[in-house]
There are 2 protein chains.
Amino acid sequence: MTIDPPGLAEETASRLRNAIIGGALPPGQRLSETRLAADLGVSRNTLREVFRLLTREGLLRHEPNRGVFVAVPSMASIVDIYRVRRLIEVPALAHAWPRHAAVARMQAAVDAARAARQAQDWRSVGSANMEFHAAIVALTDSARLQAFFAQVVAELRLAFGLLDSPERLHEPYIDRNGEILDLLAAGQQARAAEVLAAYLDNSERVVLEAFARLG
Amino acid sequence: MTIDPPGLAEETASRLRNAIIGGALPPGQRLSETRLAADLGVSRNTLREVFRLLTREGLLRHEPNRGVFVAVPSMASIVDIYRVRRLIEVPALAHAWPRHAAVARMQAAVDAARAARQAQDWRSVGSANMEFHAAIVALTDSARLQAFFAQVVAELRLAFGLLDSPERLHEPYIDRNGEILDLLAAGQQARAAEVLAAYLDNSERVVLEAFARLG
DNA sequence: TGATATAAATTGTTGAACAAAAATATTGTA
DNA sequence: TACAATATTTTTGTTCAACAATTTATATCA
């Protein structure tokens, strides 16, 4: 059906990544090589290559001679992730060129989030919000920064999957993203960066609180 | 002799990484799976896992159905790498705590660089300088940032390997690093960050010029 | 019950196999 | 000779089967 070359391992990694982020495989879950290879319809060797990819992305944890497990997000990892986000996103926005191509991506993401809100589809709201922030990083035109950020976002979404009440987690930020976009489009980068910084502080606090409630 | 578990693939990756950065395998070189596997004394399967690791690090380039090649650094990649370095290193230094444990690492790196200069060992000077900057990133206490930076540094060293006159490339920065360290230790983070920013601008220009001379 | 020995399952790694694609050599022809 | 078409060889992409080393589960005994 679908063309797999080049990269059956990459394609499988993508499927497994979605399964993890989508919550089909809960954090801490142990992944048996033989069983999962059979389920995914690939060989053990190929699956091991997939494991390496996702381990490097922070989605899996590998314990020698014991196997691989779906990573369990910790408070420390969340704090670290938000530190990285602040460091990358805020300067990206502050130095942005308001007519950069990525601005259209930001706009599309805001529109998508609002549409998903209409449909009460909070998971899609979360995806759209993350796409908004990926677009912010794209303002830098740095391939390496974008790849790194994508990885960090995948980890963060893993943590989001653990938390309940996705509405409280995503809804408040849709219009804030719209506000940031408007400020950028109006050439007020500095102001936009300020709003983003406050956004990130707030979001981190909410996530950490929800996490603490999980015990 | 050496214990390989856990991770013969990782150990092999490390060896191959050194071979690439050390210049034993020139950029653009094609790496035959069977031949290299025999040379390294590992199986083809294991070597392919190694290839994935180093490809993700940017040290190898993979062309489907054609094989893997040692990456060829470009001007664009150098510009991108320096952008990333500025974005990460300068704020790391600006917000640093002068009594952080990583300051000792910075001091050790400066000492090592000076010792290597005495011995006219410019390759070691380069290594020590890079270790200095890795220590700067360690000031952030962010595991993700440190891992990302290590990757970027590996790529940069690949580019350095292409250039001749390593003295001109590394010597001028030894004492600048010392100056940055002294400023930080004296609690003048802002001043240290300024010097670092100028350092990076200057270094980028030198590298790009040397690159241009290569044609 | 609790510690210990035995058995079963799992990981880490290798080697061989084979289809598909690419690189190379060979041939046929103007 | 030069050039295109064809056949041959070499590589990559992927799977499967095997086996030692290690971990986990099970059974045994004081």
Side-chain angles (χ1 to χ4, degrees), chain A residues 1-20 24-72, chain B residues 1-20 24-72 147 158:
Chain A
M1 278 326 64
T2 60
I3 59 167
D4 32 303
L8 181 139
E10 275 80 0
E11 215 245 312
T12 308
S14 186
R15 274 202 287 158
L16 189 54
R17 193 184 293 115
N18 289 338
I20 293 170
L25 299 168
Q29 172 79 255
R30 177 183 184 166
L31 304 181
S32 156
E33 290 188 359
T34 33
R35 184 152 177 275
L36 189 56
D39 288 356
L40 292 171
V42 300
S43 80
R44 241 183 97 206
N45 278 319
T46 302
L47 182 61
R48 291 181 116 248
E49 289 187 354
V50 171
F51 280 171
R52 297 234 180 240
L53 288 186
L54 300 191
T55 297
R56 197 144 236 282
E57 291 179 18
L59 258 43
L60 298 179
R61 186 170 36 91
H62 176 104
E63 297 188 15
N65 287 319
R66 295 193 9 100
V68 305
F69 305 75
V70 177
V72 182
Chain B
M1 285 314 80
T2 60
I3 58 168
D4 32 299
L8 181 139
E10 276 80 358
E11 215 244 314
T12 308
S14 185
R15 273 202 290 159
L16 189 54
R17 192 184 294 114
N18 289 340
I20 293 170
L25 299 168
Q29 172 81 252
R30 176 183 185 168
L31 304 181
S32 157
E33 292 188 356
T34 32
R35 184 152 178 278
L36 189 57
D39 288 356
L40 293 170
V42 301
S43 80
R44 239 185 98 207
N45 279 318
T46 302
L47 181 61
R48 291 182 114 248
E49 288 187 355
V50 170
F51 280 171
R52 297 234 181 241
L53 288 187
L54 300 191
T55 297
R56 197 143 235 281
E57 289 179 21
L59 258 43
L60 298 179
R61 184 170 38 91
H62 175 104
E63 296 188 16
N65 287 317
R66 294 193 10 99
V68 306
F69 304 76
V70 177
V72 182
L158 176 59

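Here is the naming used below: chain letters follow the sequence lines, and residue numbers restart at 1 for every chain.
Atom-to-atom, CD of A/Glu33 to P of D/dC16 comes out at 15 Å; the value is rounded to the nearest Å. Taking atom CD of residue A/Glu10 and atom P of nucleotide D/dT12, one finds them 16 Å apart after rounding to whole Å. In this structure, the CD atom of B/Glu63 is 11 Å from the P atom of D/dG13, given to the nearest Å. Here the C1' atom of nucleotide D/dA18 and the CG atom of A/Asn45 are 12 Å apart, to the nearest Å. Distance CG (B/Leu40) to P (C/dT14): 11 Å, rounded to an integer number of Å. Summarising the geometry, the separation between CZ on B/Arg44 and C1' on C/dA17 is reported as 10 Å, rounded to the nearest angstrom. A straight line from CZ of B/Phe69 to P of D/dT11 spans 12 Å, rounded to a whole angstrom.
Listed in residue order, the members of residues 46-61 of chain A having a heavy atom less than 4.0 Å from DNA chain D are A/Thr46.
Of the two residues near DNA chain D, B/Ser32 and A/Val42, the one whose nearest nucleotide lies more 5' is B/Ser32. Both B/Ser43 and B/Arg30 lie near DNA chain C, and the one whose nearest nucleotide falls closer to the 5' end is B/Ser43.
Taking the side-chain hydrogen bond (donor to acceptor under 3.5 Å, both in side chains) definition, one finds that B/Arg15 meets it with nothing, sequence neighbours left out. Partners of B/Val68 by side chain to side chain contact (heavy atoms under 4.5 Å, CB included), not counting sequence neighbours, listed by chain and number: B/Leu31, B/Phe51, B/His62. Under the rule for a side-chain hydrogen bond (donor to acceptor under 3.5 Å, both in side chains), the partners of B/Thr46 that lie at least two apart in sequence or sit in another chain are B/Ser43. Under the salt bridge (charged side-chain N to carboxylate O under 4.0 Å, His left out) criterion, A/Arg56 pairs with B/Glu57, sequence neighbours left out.
Two residues are said to be in side-chain contact when any heavy atoms from C-beta on lie closer than 4.5 Å; B/Glu49 and A/Arg52 meet this criterion. Looking at heavy atoms from C-beta onward, B/Leu59 lies out of side-chain contact with B/Leu16 at the 4.5 angstrom threshold.
When all heavy atoms of A/Ala13 and A/Val50 are compared, the pair lying nearest together is CA-CG1, 3.6 Å. Here the shortest heavy-atom pairing between B/Leu158 and B/Pro27 reads CD1-CG, 4.3 Å.
B/Ser14 places no side-chain N or O within 3.5 Å of a backbone atom of B/Glu10 that could act as its donor or acceptor partner.
Counting atom types as modelled, B/Asn65 pairs no side-chain N or O with a base atom of D/dG13 as donor and acceptor under 3.5 Å.
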Handout entry: For DNA chain D, the dot-bracket pattern of Watson-Crick and G-U pairs whose distances stay under 3.5 Å, | for other-strand partners
Key = ||||||||||||||||||||||||||||||
